[in-house]
Amino acid sequence: MVACGTAFLACHVAKYWFEKIVRIPVEVDVASEFRYREPPVTPGTTAIFVSQSGETADTLAALRYMALKGATILSVVNVAESSIARESDLVLPSYAGIEIGVASTKAFTAQLTVLALLAVKIAHAKGVINDIQYQGYITDLNCIPRLISQALSIDVAVQKVALKLATAQDIIFLGRGSMYPLAMEGALKLKEISYIHAEGYPSGELKHGPIALIDKKVPVVVLAPMDALFEKSVSNMQEVMARAGKVLLLSCQQGLNAASDGTWATISMPAAPELITPIIYAVPAQLLAYYTAVAKGTDADQPRNLAKSVTVE
Ligand code: M6R
């Protein structure tokens, strides 16, 4: 799976779905690096390219490399008549509608939804999941609109926290499992539209270096849904608080009841089935960036130095 920017982070989330649910090994890479590694391509390889615009030069070049090597090319694109769509063997439109803001938001959640559905469909077609499991996943996917609406109701809470985040110079986002790419996405959105330096790390990697950055000036956003990794995320969060780090914890109410002691701020998220949790947690990641940009007075729609579609390598 190859893409750039936010589309790459959608691929990164999908890697968790494909490996866990479909049991297919997946490589993900940013397009600008992938091609120059000259990766060997084994027969039977399918290459998936994800792009909102379908015109990103690095992604298109990587697609052409894989097509020349004989891979089957599948693309997930929002602009159905784009170059990437035209040069693919198979196209899955993401149907997000025209996205005008430079920061990719609804395109990201639509890409995730298409990729989750694709993983579930392939798993079922391969017989890796049975009919009951398949129906269970489809039911989960059908919960997305309701849970996104619920997640959007945290608006006021996010607005309040954003006023505090807007004064920070550096912000760290932490997540485990599929929340790790979401942590990177939260950081990317924040950098892009509020111009605050932010980094997303896997929570467990903190102790291998980034923990040295923690002090009372650095807010740390912890994405910790109530899943199998919750306890480990909480333990990483406590390491941050023990070093005077200001933790903003995002979890469902049950998670907050269990772990919010000592945090700087909390945001209560709806409890969601594991499959769609990354899609639901994209909402606070985007809202945090948006309200921080509004608080700072930056242009959230047309951030400086950025183009909607990057058509040069
Ligand atoms: O059009 P694409 O999805 O191929 O664009 C890829 C990236 O340039 C894009 O996601 C970029 O990172 C966004 N500005 C992020 O919000």
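Atoms within a ligand are numbered from 1 in the order they appear, just like the ligands themselves. Heads up: numbering here begins at 1 and tracks the sequence.
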Checklist entry - Between the candidates Lys308, Gln111, Glu192, which shows the shortest non-hydrogen contact distance to atom 14 (N) of ligand 1? => result Glu192

Distance filter under 4.0 Å to [X] heavy atoms, resulting ligand 1 atoms:
X: Ser104; value: 15 (C), 16 (O)
X: Ala103; value: 16 (O)
X: Gln52; value: 1 (O), 2 (P), 3 (O), 4 (O)
X: Ala7; value: 3 (O), 10 (O)

In the protein, what heavy atom is nearest to [atom], and what distance, to one decimal place, separates them?
atom: atom 8 (O) of ligand 1; answer: Val310 CG2, 4.2 Å
atom: atom 9 (C) of ligand 1; answer: Thr6 N, 4.1 Å
atom: atom 4 (O) of ligand 1; answer: Thr56 OG1, 2.5 Å
atom: atom 1 (O) of ligand 1; answer: Ser53 OG, 2.7 Å

Checklist entry - Can you name the nearest heavy-atom pair linking Ile122 to Phe18, along with the distance? => result CD1-CE2, 3.7 Å

Checklist entry - What orientation do Tyr134 and His124 show, parallel under 30°, tilted 30 to 60°, or perpendicular over 60°? => result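 The arrangement is parallel - the two ring planes meet at less than 30°.
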
Item to check | ligand 1 contact by Val102, heavy-atom criterion under 4.0 angstrom | outcome: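 Heavy atoms of Val102 do come under 4.0 Å of ligand 1.
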
Checklist entry - Quick one: does Cys4 get a heavy atom under 4.0 Å from ligand 1? => result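 Per 4.0 Å heavy-atom rule, Cys4 contacts ligand 1.
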
Salt bridge or not between [X] and [Y]? Use side-chain N to carboxylate O under 4.0 Å.
X: Arg37; Y: Glu33; value: no
X: Lys20; Y: Glu274; value: yes
X: Arg35; Y: Glu313; value: yes
X: Lys15; Y: Glu27; value: no
X: Arg64; Y: Glu87; value: yes

Checklist entry - For Thr59 and ligand 1, does the shortest N/O to N/O distance drop below 3.5 Å? => result no

Next on the checklist: Quick one about Thr6 and Glu185 (side-chain donor to acceptor, distance below 3.5 Å, no hydrogens or angles considered), yes or no?
Outcome noted: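 Yes, Thr6 and Glu185 have a side-chain donor paired with an acceptor closer than 3.5 Å.
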
Next on the checklist: Is the contact between Lys189 and ligand 1 made by the side chain, the backbone, both, or neither, using heavy atoms and a 4.0 Å cut-off?
Outcome noted: side chain

Checklist entry - Taking atom NZ of Lys69 as the centre, does the number of heavy atoms from other residues, nucleotides or ligands within less than 6.0 Å exceed 12? => result no

